[in-house]
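Scroll down for the structure; my scribbles are underneath it.
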Amino acid sequence: AAVTVTTPWSTSGLAPGSYPFAAVVNQGDFAETFTANNSAPLTLAVGPDLMVSPYTIWRAPQPDHTSIIAARVYNIGAAPAMNVTVNVYRSWKFDPLTLLFTRTIAALPAGGSAEISGVAQGTLGCGVFVQVDPAQTIAEISRSNNLAALSGDGTPCMAWQTYMSLMKR
């Protein structure tokens, strides 16, 4: 039978980095015939982990054919992140021609979040694509959650196929 043990662990005060530790069971409490599987090396990764989700991107169309775009960016990591760049694009191409706006979050504490917003001109076609830390200047735990999209107001397009392939990278 499997037994799960949960141990509270505070990473406050630890500098960002990787910390090795081991989980060990039965340190001689009872006799066993095979003890080679009684320990496991583990790594505790401490650092920022920036995240954006399609569930926290909003679009508010305006009467003048603009849209207010807002997104909430999270730091689900155990260390703060400074100068977090967030780019918002109108296309999955992520090039300067499709850049709607850029915002910088000065400080994002561990476990914290911040909202960015801007105005997009015209229709949004295939959608809005939000990319956090596009230059990859912040040493993060994972980059797999740095991209999210919201569907646009245009006709169906290849955006979602491309989006999914980018998410798999």
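Values below: all heavy atoms of this structure, side chains included; hydrogens, waters and symmetry mates excluded.
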* Asked: Would a distance-only check, ignoring hydrogens and angles, find a side-chain to backbone donor-acceptor pair under 3.5 Å from Arg90 to Gln121?
  -> yes
Minimal heavy-atom distance between Ala110 and Ala78, with the atoms involved, is CB-C, 3.5 Å
Worksheet item: Taking the side chain as C-beta and beyond, is there a heavy-atom pair between Ser53 and Thr56 under 4.5 Å?
Response: yes
Val46 and Leu44, any side-chain heavy atoms less than 4.5 Å apart:
yes
Heavy atoms of Pro54 and Ala149 approach each other most closely as CB-O, 3.3 Å
With a 3.5 Å distance limit and no angle check, can you tell me whether Ser67 reaches the backbone of Ile69 through a side-chain donor-acceptor pair?
no
Exercise. Under 4.5 Å between any side-chain heavy atoms of Asn145 and Leu50, yes or no?
Worked result: no
*Using the rule that two of Ile, Leu, Val, Met, Phe, Trp, Tyr join whenever any of their side-chain heavy atoms come within less than 4.5 Å, decide whether Leu150 and Val132 are in one cluster.*
yes
Exercise. Can you find a pair of side-chain heavy atoms, one from Thr85 and one from Pro134, that are under 4.5 Å apart?
Worked result: yes
Cluster question for you: counting only ILVMFWY and a side-chain heavy-atom cut-off of under 4.5 Å, with indirect links fine, are Phe101 and Ile105 together? yes
Separation between CZ (Phe129) and CG (Leu99), nearest 0.5 Å, reads 13.5 Å
Rounded to the nearest 0.5 angstrom, the OG-CD1 distance for Ser142 and Ile76 is 7.5 Å
**OP:** Group every Ile, Leu, Val, Met, Phe, Trp and Tyr by side-chain heavy-atom contacts under 4.5 Å, then state whether Val119 and Ile116 land in the same group.
**Re:** no
Are Val25 and Ser39 packed together at the side-chain level, in the sense that at least one heavy-atom pair is separated by less than 4.5 angstrom? no
Next item on the list: Could you walk me through whether Phe94 and Leu147 pass side-chain contact (heavy atoms from CB on, under 4.5 Å), step by step?
Entry: CA-CA 11 Å; Phe94 303 103; Leu147 176 65; 3.5 Å; yes
When every non-hydrogen atom of Leu108 is compared with those of Ala114, the smallest separation belongs to CD1-N, 3.7 Å
Strictly distance-based, threshold 3.5 Å: is any side-chain N or O of Asp49 a donor or acceptor partner for the main-chain N or O of Asn75? no
What one should report as the nearest heavy-atom pair of Ser113 and Arg72 is OG-NH1, 2.9 Å
The complete set of side-chain hydrogen bond (donor to acceptor under 3.5 Å, both in side chains) pairs with one or both residues in residues 126-136, sequence neighbours excluded, reads Asp133-Thr137, Asp133-Arg143
Would you say that Val130 contacts Asn87 through its side chain, given a criterion of any heavy-atom pair below 4.5 Å between the two side chains? no
Within a strict 4.5 Å, meaning less than it, do heavy atoms of the Glu115 and Trp58 side chains meet?
yes
Donor-acceptor side-chain pairing of Asn83 and Thr104 below 3.5 angstrom:
no
Are Ile138 and Met51 linked, directly or through intermediate hydrophobic residues, by side-chain heavy-atom contacts shorter than 4.5 Å (ILVMFWY only)? no
Q) Any chain of hydrophobic side-chain contacts (each under 4.5 Å) joining Leu42 to Tyr19? A) yes
